[in-house]
Amino acid sequence: MKDEKNYHGMGLGTIAIHAGQRPDPTTGAIMMPVYQTSTYVQPELGRHLGYEYARTHNPTREAFEGNVAALESGTHGIAFASGLAATDTMLKLMSAGDHVICGEGVYGGTYRLFSKVLARMGIEFTFVDSADTEALRAAITPRTKLIHLETPTNPMMQLTDIAAAAEVARAAGALLSVDNTFASPYNQRPLELGADIVIHSVTKYVNGHSDMVGGMIVVKDDGLHEQLRFLQNAAGGIPGPWDCWLGLRGTKTLHLRMKAHNENGQRIAEWLDAHPKVEAVYYPGLPHHPQHELAKRQMRGFTGMVSIEMGTLEKAAAFVNKVRIFALAESLGGVESLIGHPALMTHASVPRDLRYAMGLTDGLVRLSCGVEDVEDLIADLEQALEHA
Ligand SMILES: *Cc1c(COP(=O)(O)O)cnc(C)c1O
């Protein structure tokens, strides 16, 4: 059930709603059905309808894969049960003895997978500040096969110049993969900037409704797709059809949601920036962000993710405990606003001195601004800040 239409040159909203899908051939149902099946009946021995076993093929999954691939300006999507399952399978492109350069600010789970699991299997990792192109270049060895980075980073909102990193990778004969979870394909499309692989935790903005966990790899090269498709089937970390359906339902409004997340993020960042109790605001859309020019160059909008420095753990705790609309929770990118304390929540396993070297202090608070009415969100933050 491959989608034969080509949405090349069309707007992201049209792609979000249509790519990867077509009406159900038996009934004309406009929505992709949930093909909740493990196997497919074969009309006779040696002949099947393109579907044999559901680890390998599932129509609902294929629709979701085609949809996100088109959103990322790629040609192939490969879906997984979680963002980390996607990253894990991508790393299976490596063999023992290969060297990987990884951005220092990557998701904590990615750091844990690389340093505590895959390093044991003979893959060598060097963690560098990927915002510094020269540091990336200096870390290259003759065995470097992959550069992996995240931009913007969580929670310090540091950017990496994707086009510059792609040049470093190309010169070294290495692949560049970019975890685009924080930006979403609405705001940033790394494949257009020279990256070879895009990774998503579709759990976040791509699905956008906080009701599933999933991952995706997108590529634009047929050979790379073939290798990754082999690995997806060989290792088997696939998502179920129901989660793929939820992901597809989510992407239909990606452009509408991201526009609203961007607007609310910008308004709230500006409001917090002017608040006397907030010591610093980290948001690429603010003119004083050190990489604001790069942000304007490689991103279309700056998302709903805003981090702020409250000064002390006591002030941060008083603030996050008093919000009413924002919910105190991990994760991000859903339509509802969330608030979190990275030092005690998402980054609790990172040693304190390492955290502080990144600017990730005990006073840091991270907001995932949802798409509620922005006046209500600001009023909520205002009343909570009174307690800080
Ligand atoms: C959440 C997240 C992941 C991990 O994805 P899961 O779906 O939770 O496995 C990877 N990268 C980033 C940037 C994330 O925010």
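Counting starts at 1 for both ligands and their atoms, following the listed order.
Distances between N or O atoms of Thr203 and those of ligand 1 include at least one value under 3.5 Å. For the pair Glu150 and ligand 1, the shortest N or O to N or O distance does not fall below 3.5 Å.
In this structure, the protein non-hydrogen atom closest to atom 1 (C) of ligand 1 is Lys204 NZ, 1.4 Å. Nearest protein neighbour of atom 12 (C) of ligand 1, counting heavy atoms only, is Asp179 OD2, 3.5 Å. Protein heavy atom at the shortest distance from atom 6 (P) of ligand 1 is Gly83 N, 3.4 Å. With hydrogens left out, the protein atom closest to atom 4 (C) of ligand 1 is Tyr107 CE2, 3.4 Å, a heavy atom.
Atom numbering of ligand 1 starts at 1 in the shown order; those under 4.0 Å from a heavy atom of Gly214 are 7 (O). Atoms of ligand 1 lying under 4.0 Å from at least one heavy atom of Ser201, given by number and element, are 1 (C), 2 (C), 3 (C), 4 (C), 5 (O), 6 (P), 7 (O).
With respect to Asp362 and Arg355, a salt bridge is recorded, a charged nitrogen being found less than 4.0 Å from a carboxylate O.
Relative ring orientation between Phe114 and Phe125 is described as parallel, the plane-to-plane angle staying below 30° on a 0-90° scale split at 30° and 60°. Between His76 and His225, the two ring planes are parallel [angle under 30°; tilted spans 30° to 60°].
Both Ile217 and Ile123 belong to a single network of hydrophobic side chains, linked directly or stepwise wherever heavy atoms of I, L, V, M, F, W or Y lie under 4.5 Å apart. Note: the hydrophobic cluster containing Val281 does not contain Leu360 (ILVMFWY, side chain heavy atoms under 4.5 Å, direct or indirect links).
Among Ile101, Leu136, Leu149, the single residue meeting the side-chain contact (heavy atoms from CB on, under 4.5 Å) criterion with Leu176 is Leu149.
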Between Glu65 and Arg229, is the salt bridge (Lys or Arg N to Asp or Glu O under 4.0 Å) condition met? List the steps. CA-CA 12 Å; Glu65 291 174 336; Arg229 186 66 73 186; 3.1 Å; yes
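The parts of Leu84 lying near ligand 1 are both backbone and side chain, judged by heavy-atom distances below 4.0 Å.
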